[in-house]
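Throughout, numbering of the chain's residues begins at 1 and tracks the sequence.
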Amino acid sequence: MTRAGHQAVEWAKRRPDRAAALFFAVIAYVPMLLTSPGRVSADTKTYLTVDPGAVLAQASSMWDPSVGAGTVPHQNIGYLFPLGPFYWLMEQLAIPDWLTQRLLWGTLVFAAAFGTYRLVRWLGWAVSGALVAGIGFALSPYLLSYLARLSVILGPWAALPWMILLAAKAARTRSWRPAAQFALVVALVGSVNATALVLAGLGPVIWLLADVLSGRVRALSAVAGAARIGALSLAVSMWWIVALRIQGTWGIPILRYTETYESVASASTPAEIMRGLGYWFFYGGDRLDTWVGPSLPYTDHPAVMAVGFILAGLALLGFLAPFAGRVSAVLLLVIGLAVSVGAAPLGSSSPYGALFEWFASDTTVGLALRSTPRAAPLVILALALGAASTSEWLRVRLAQPTPDSTGPAGRTGPAWTSSLVPIGMIGLFMVQLYPWFTGTALTPSLLRDEALPPHVTEFADWLDESGDGRVWEVPASDFANTRWGGTVDPVLPGLIDRPYLARELVPQGGAGT
């Protein structure tokens, strides 16, 4: 066959994958681009949408004299890559901040969906099953728990199927290429929140273990592949790991001032984790609004709750049928559920739960990893594979020949009847995440107009022109909202060049301040 012929065959083989990528892109980007256009959300760090250049300049130093009367900032260095440069570049290109955010969120969803699709196709599944798995993983309510406020946490979730795929490939070859690609993924999603990365990073470890136990990969090959991955991932992460060490030594004990394990365990029950929820913040609110805008239907609307449990049940049924990757998916489900649930419910835990509670409450490492629902992506991926297995089992049964009353030869029904099964399963996942498609996925109290009000920017200019001493702002604490919108972080420090001090919910600076 000629070179042109080989290219034509290769193009034909990849056509379904290209169509799947286009489908996922439409699902990921279009709904977000139509959601609250022109409105910016207080996501991750407000200053990224106020002055990303200043964020990059401040993140380059481990000491910030302008905040908290001098402090070693928590996680600021993580914004050096990739979020800081991304927001800075989009600003240089005159892309509106609201559009920058929507493109970022859409990319996370697209990466989650297409990564799962690629993993399942690599396992040898049909396109229909891979589509169901991709949608099942990407359109989980887990997305809503962090979207619009802490989307940086979603990076490891979106990267999980890619990390598993690359780890599996690294164990099957002596090439360093899959390990280098794995390290690149880690560099893109791991610099700001180590907890989410570590807990999602259990996924490729579990998958390699399953490969060894099932005899698909030799133990030495798996160890060699993991070693290459570990070496390169450590190399690209050392800059922020050292920074975290410095912050832990010289900064305030930040872990003591944030969420307690009692708060985490109050919501991380098995039933909630199985339907993609379980993060305590999802269930809270204050006098202004719920903390996560679209959360209420998932806790008090019977139909929405029923869809979540039905999908979880259908996914579990899928494990009764054999499929490529079943052993790996079972281990992901069991270990992911054990880690995500942890010691919940407190007060009536098993011996394992009591040990987990001690680890999460009384050890430094456990305290850092106490936000156990961030391991839920392991469970969600396993259930997505289970749901796809159920869909494929039903699709194949419908496509099988059936006896014909007019003769001994079998006949099949119309081809479109078997296609209804994956379409219906995908439809159920879309219904489960209906806020994504109805423009209600964001939190209203966290939105503001693209341009800050003139009186805010004019006041900041006046402060810079009137002196160079420290500015004290009241109240300025987290959750202080204004009539023109919510920012979570006080917006003034991102607008002025003078040192700044304020009363904060999470303290800044040293014990004296």
Side-chain angles (χ1 to χ4, degrees), residues 24 78 81-82 107-123 130 133-134 136-138 140 142-143 146 151-173 175-212 216-217 221-238 240-241 324-325 327-333 335-336 339-340 369 374-385:
F24 291 138
F81 185 83
T107 300
L108 289 169
V109 174
F110 174 79
F114 194 53
T116 305
Y117 175 89
R118 288 285 300 274
L119 171 63
V120 174
R121 289 285 282 160
W122 179 79
L123 289 172
F137 182 67
S140 166
Y142 181 85
L143 172 66
Y146 300 98
S151 69
V152 69
I153 304 296
L154 295 173
W157 160 75
L160 175 59
W162 295 100
M163 292 193 294
I164 290 176
L165 174 60
L166 294 170
K169 288 183 175 181
R172 288 164 169 79
T173 178
S175 171
W176 282 75
R177 183 175 180 178
Q181 293 171 329
F182 188 106
L184 177 61
V185 172
V186 168
L188 288 172
V189 304
S191 60
V192 175
N193 192 278
T195 301
L197 177 64
V198 169
L199 293 178
L202 293 174
V205 175
I206 295 169
W207 198 275
L208 288 180
L209 178 62
D211 277 348
V212 172
R216 292 191 297 266
V217 173
S221 298
V223 170
R228 290 190 292 268
I229 286 173
L232 295 180
S233 297
L234 184 63
V236 300
S237 304
M238 188 58 68
W240 60 262
I241 292 175
V327 173
S328 306
V330 168
L331 284 180
L332 280 178
L333 177 63
I335 297 176
V339 174
S340 299
L369 298 174
R374 292 174 190 175
L378 307 181
V379 178
I380 298 166
L381 181 59
L383 292 178
L385 293 176

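Side-chain contact between Leu378 and Val339: absent, with no pair of heavy atoms (C-beta onward) separated by less than 4.5 Å. Looking only at side-chain heavy atoms (C-beta outward), Trp240 and Ser191 come within less than 4.5 Å of each other. Val186 has its side chain within reach of Leu197: a pair of non-hydrogen atoms, C-beta onward, lies under 4.5 Å apart. Side-chain contact between Leu160 and Pro204 is present, with heavy atoms from C-beta onward closer than 4.5 Å.
The line from CG of Leu381 to OG1 of Thr116 is 5.5 Å long, rounded to the nearest 0.5 Å. Annotation: the span from Ile229 atom CD1 to Lys169 atom NZ amounts to 12.0 Å, rounded to 0.5 Å. Atom-to-atom distance recorded for Phe137:CZ and Leu383:CG is 11.0 Å, nearest 0.5 angstrom. We find the CG-CG distance between Leu385 and Leu333 to be 10.5 Å, quoted to the nearest 0.5 Å. The CG atom of Leu154 lies 10.0 Å from the CZ atom of Arg374; values are rounded to the nearest 0.5 Å. The CG atom of Leu108 sits 8.5 Å away from atom CG of Leu143, with the distance rounded to the nearest 0.5 Å.
Sorted by first and then second residue, the side chain to side chain donor-acceptor pair (under 3.5 Å) pairs involving residues 225-237 (not counting sequence neighbours) form an empty list.
Tyr142 and Trp157 have tilted rings, their planes meeting at an angle from 30° to 60° on a 0 to 90° scale.
By the side-chain hydrogen bond (donor to acceptor under 3.5 Å, both in side chains) test, Arg172 pairs with Asp211, sequence neighbours left out. Partners of Phe182 according to the ring pair (Phe, Tyr, Trp, His ring centres under 6.0 Å) rule, which considers only residues two or more places apart in sequence or in another chain, do not exist here.
Closest approach of Ala210 and Val327 over heavy atoms only: CB-CG1, 4.2 Å. Taking all atoms of both residues into account, the shortest heavy-atom contact from Val379 to Ser340 is CG2-OG, 4.4 Å. Contact record, Gly136 with Ala384: C-CB, 3.9 Å, taken as the closest heavy-atom pair. Heavy atoms only, all atoms of each residue included: Leu208 and Ala171 are closest at CD2-CB, 3.7 Å. The shortest non-hydrogen separation linking Ala183 to Val236 is O-CG2, 3.5 Å. Of all heavy-atom pairs between Ala138 and Ala113, the closest is CB-CB, 3.6 Å.
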